[in-house]
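Both backbone and side-chain heavy atoms feed into the values below; hydrogens, waters and symmetry mates do not. Naming convention: chains lettered A, B, ... in sequence-line order (proteins, then strands); numbering from 1 in each chain.
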Amino acid sequence: MENISGSNDFIREIVSEDLKTGHVKQVVTRFPPEPNGYLHIGHAKSIFINFGIAQEFAGKTNLRFDDTNPLKEDNEYVNAIQEDVAWLGFHWDGLYFASDYFEEMFQRAVLLIKKGKAYVDDQTAEELRLTRGTLTEQGQDSLYRTRTIDENLDLFDHMRQGEFGDGERVLRAKIDMTSPNLNLRDPVLYRISHAPHHNTGDKWCIYPMYAFAHPLEDAIEGVTHSLCTLEFKDQRPLYDWVIRECEMPHVPHQYEFGRLNLSNTVMSKRNLKKLVDEGLVDGWDDPRMPTLSGLRRRGFTPESIRSFVEELGVTVTGGEVDYKLLEYHARQDLNLRAPRTMAVIRPLKVVITNYPENQVEMLDMEVNPEDASMGTKQVQFSREIYIEQEDFMEVPPPKYHRLYPGNEVRLKNAYFIKCNEVVKDNQGNVVELRCTYDSETKSGSGFTGRKVKGTIHWVDCKTAIPAEFRLYEPLLAGEFDENKPLEQLINPDSLKVEYGYIGADLKNVKIQEKYQFIRHGFFNVDPKETTTDHKVFNLIVSLKSSFKIEQPSAKR
RNA sequence: UGCCGGAUGGUGUAAUGGUAGCACGACUGACUCUGAAUCAGUUAGUCUAGGUUCGAGUCCUAGUCCGGCAGCCA
């Protein structure tokens, strides 16, 4: 069978081959998050791989919560994860919980004991660690390794009945304490934890470990290709051991791919949670976070995340992707879809002295020059407007095409204006510009009398609406360093808040709507902070700019 | 001095023994009522040393470097 997308990574080749040879009738994958945090863009890669491959080969994908550790899991995460997966555009075939299989897992563990393949160990966690050996030294058999089957059965049952305290005993696989693969040195299968579970309540006080539970979950659900990240590679022999020794009728296979790492950010649930818990960010959905909820609030579209992830491919090498590539995909998507508008983020007032005091006119503006079908809209123009502070310089550097004394520029969709006078306050700051306009130069009039180097955007003072703009830079100033406290790593400029103006055309914006503020970038209407009276816009990604001031004379 | 993986421009990725290609970035230029977009171009790569072969990024040997593994986490 051929896949639809045409992309052909090593996993798709395996799937293809399995289908062709008939080893597999229908491909079944699963996305198995632990509900102990919110999903991030790294998970998006796994989601696109698991759901994507199943889709391409007409298979099925389950959303399965790997909830085998009651201490860390919570229903808040269960709900958030479902929302995020759905937002990316995927529908799961089955919605399952590992905890629903606890009884079967217990029975399989009993089977292991009966076969002499598992035993109850009374050693402490510390003793276990000491006898496991090291990377270069083999481990030693536990004193309890030779317990009789009946004794093990009895003890394991008492574990389940709650007759021991946390950590007093564990169930271990009996494999090989001398194996060079640490995962095979009699790994722990079950531990005791008298903790309430988000799904099973207090029904259980023993919980299976990932290494035991995961292969069973896959087998129970009929998963054919269990796709996970590289760090589980060493567990593959154990995965196969569990399936085989537990005599699971269905045999899934594990394949590993490289995890996604993004530059200048934190990418582990542990550290993301820390940022949230320490109040260093505004929750899991802080727009600077690489979480899916953060990216959504920031304004990234699922389509741009998808094309980004798909471009990376599926490989067995690890690496770190420059976040600029994600920005590129966001621009690419938004450029075609986002309506254009003019917004002034750092306002500077301009009075057009030869424009009649009470005159007002409506000017046409293309909604999106990339898509004529989006039509035009009208924007109001009058004698007083705001322009961007950085679009004026009293002493312009070379190749500065914007406003400066004596220079003429075009106001986008309006007229040429020329700067005649600069008004300053007591401190010498420029507070107002007095300009004249040329009525011959109206946009759309076909005026060709003379040319102008620059076009700048503006907002009419009479109808301007105050707005808050949140400008973002990467969360971390440099690369993640686990030896430094998080608060020292955070980029102090990761969030800058500005107060400026939007035009009347944005009076009725709705949350999560995306716009391009001409010459600035793409912005999203913040869903958390925006009210009818106070509009907050999140910078999704700025427009590229080839303009650089050669001599940074910040003087205006 | 264990085991398992892996090394292709600054970054990510392709080439399945037969011309090292693509994308991002960076830099030019054209165009432009967004210094955007678009278009054209430039830049820059097979870890090292041997070997097999008419031919090696690809196969073999040795080395170097990088990642993962010593939770009763997943």
Side-chain angles (χ1 to χ4, degrees), chain A residues 8-9 13 32-34 36 66-69 71-73 121 123-126 128-130 132-139 166-172 179-185 187-193 206-207 209-211 213-214 228-237 256 258-260 263 269-270 308 311-329 331-332 335-336 340 342 365-366 369-370 399-402 409-414 416 441 443-444 447 451-457 516-521 542-548:
Chain A
N8 218 17
D9 52 74
E13 276 179 16
E34 183 189 13
N36 67 342
D66 211 350
D67 54 350
T68 57
N69 184 358
L71 264 14
K72 293 188 175 177
E73 295 147 11
D121 198 332
Q123 292 184 105
T124 63
E126 177 70 2
L128 227 58
R129 188 173 63 76
L130 260 20
R132 185 156 27 229
T134 66
L135 293 177
T136 53
E137 298 162 50
Q138 59 189 42
D166 291 359
E168 279 184 30
R169 282 179 171 77
V170 291
L171 183 73
R172 286 228 263 174
S179 172
N181 181 343
L182 289 314
N183 295 111
L184 264 20
R185 318 240 262 230
V188 173
L189 267 22
Y190 268 92
R191 79 284 215 180
I192 298 169
S193 179
I206 58 173
Y207 293 93
M209 301 289 291
Y210 167 87
H214 205 89
C228 61
T229 45
L230 250 26
E231 67 268 28
F232 294 102
K233 179 88 180 168
D234 291 338
Q235 302 227 17
R236 197 167 21 185
E256 311 84 13
R259 138 196 309 275
L260 164 63
S263 65
K269 272 200 250 179
R270 198 182 114 254
F308 166 69
E311 183 177 345
L312 302 178
V314 183
T315 62
V316 289
T317 51
E320 186 176 79
V321 180
D322 197 328
Y323 72 92
K324 285 187 166 70
L325 186 61
L326 175 61
E327 294 194 326
Y328 166 78
H329 283 276
R331 285 192 196 101
Q332 198 77 4
N335 184 44
L336 302 176
R340 309 292 129 115
M342 296 194 283
M365 176 178 184
E366 280 180 294
E370 302 288 334
K399 295 183 187 165
Y400 188 77
H401 297 164
R402 284 110 101 147
V409 298
R410 172 175 288 286
L411 292 175
K412 175 83 179 162
N413 304 120
F416 285 9
T441 58
S443 290
F447 175 79
K451 293 220 164 188
V452 106
K453 280 267 180 56
T455 298
I456 65 174
H457 61 274
Q516 184 199 97
F517 294 166
I518 281 184
R519 303 208 308 132
H520 278 301
S542 60
L543 257 24
K544 283 175 60 169
S545 173
S546 59
F547 173 64
K548 294 163 201 72

*Asks:* For rA74(B) and R191(A) - does any side-chain N or O of the residue sit under 4.0 Å from the phosphate oxygens OP1/OP2?
*Replies:*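 The answer is yes; a side-chain N or O of R191(A) sits under 4.0 Å from OP1 or OP2.
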*Asks:* Kindly indicate whether the side chain of Q516(A) and the base of rU34(B) share any N or O donor-acceptor pair separated by less than 3.5 Å?
*Replies:*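 Looking at the base of rU34(B), it does pair with a donor or acceptor on the side chain of Q516(A) (distance under 3.5 Å).
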*Asks:* Who passes side-chain hydrogen bond (donor to acceptor under 3.5 Å, both in side chains) against K72(A), sequence neighbours left out?
*Replies:*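 Scan of K72(A) (side-chain hydrogen bond (donor to acceptor under 3.5 Å, both in side chains), adjacent residues dropped) gives none.
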*Asks:* Applying side-chain contact (heavy atoms from CB on, under 4.5 Å), name anything that partners E327(A), two or more places apart in sequence or on another chain.
*Replies:*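 For E327(A), the residues satisfying side-chain contact (heavy atoms from CB on, under 4.5 Å) (neighbours in sequence not counted) are Y323(A), K324(A), R331(A), V541(A).
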*Asks:* Between the base of rG71(B) and the side chain of R129(A), is there a donor-acceptor distance below 3.5 Å?
*Replies:* no
*Asks:* Among side-chain atoms of T124(A) and E126(A), is any donor-acceptor pair under 3.5 angstrom?
*Replies:* no
*Asks:* My understanding is that only residues two or more places apart in sequence, or in another chain, count here; which of them pass salt bridge (Lys or Arg N to Asp or Glu O under 4.0 Å) with R410(A)?
*Replies:*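 Partners of R410(A) under the salt bridge (Lys or Arg N to Asp or Glu O under 4.0 Å) test: none.
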*Asks:* Using the C1' atom in both, what is the distance from rG41(B) to rG6(B), to the nearest Å?
*Replies:*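 My reading of the C1' atoms in rG41(B) and rG6(B) gives 35 Å.
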*Asks:* Select from E366(A) and T315(A) the residue whose nearest nucleotide in RNA chain B is closer to the 5' end of that strand.
*Replies:* T315(A)
*Asks:* Checking E73(A) now: which residues fulfil side-chain hydrogen bond (donor to acceptor under 3.5 Å, both in side chains) with it, not counting sequence neighbours?
*Replies:*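 Applying side-chain hydrogen bond (donor to acceptor under 3.5 Å, both in side chains) to E73(A) gives none.
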*Asks:* Could you tell me whether the phosphate oxygens of rG67(B), OP1 or OP2, come under 4.0 Å of any side-chain nitrogen or oxygen in R259(A)?
*Replies:*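 No, R259(A) has no side-chain N/O under 4.0 Å of OP1/OP2 on rG67(B).
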*Asks:* Taking Watson-Crick (N1-N3 plus N6-O4 or O6-N4) and G-U wobble (N1-O2, O6-N3), each under 3.5 Å, can you produce the dot-bracket string of RNA chain B? Use [ ] for crossing pairs and | for inter-strand ones.
*Replies:* .((((((..((((....[..))))((((((.......))))))...(((((..]....))))))))))).....
*Asks:* Between N or O atoms, less than 3.5 Å apart, protein on one side and nucleotides 4-10 of chain B on the other: list the pairs.
*Replies:*
none

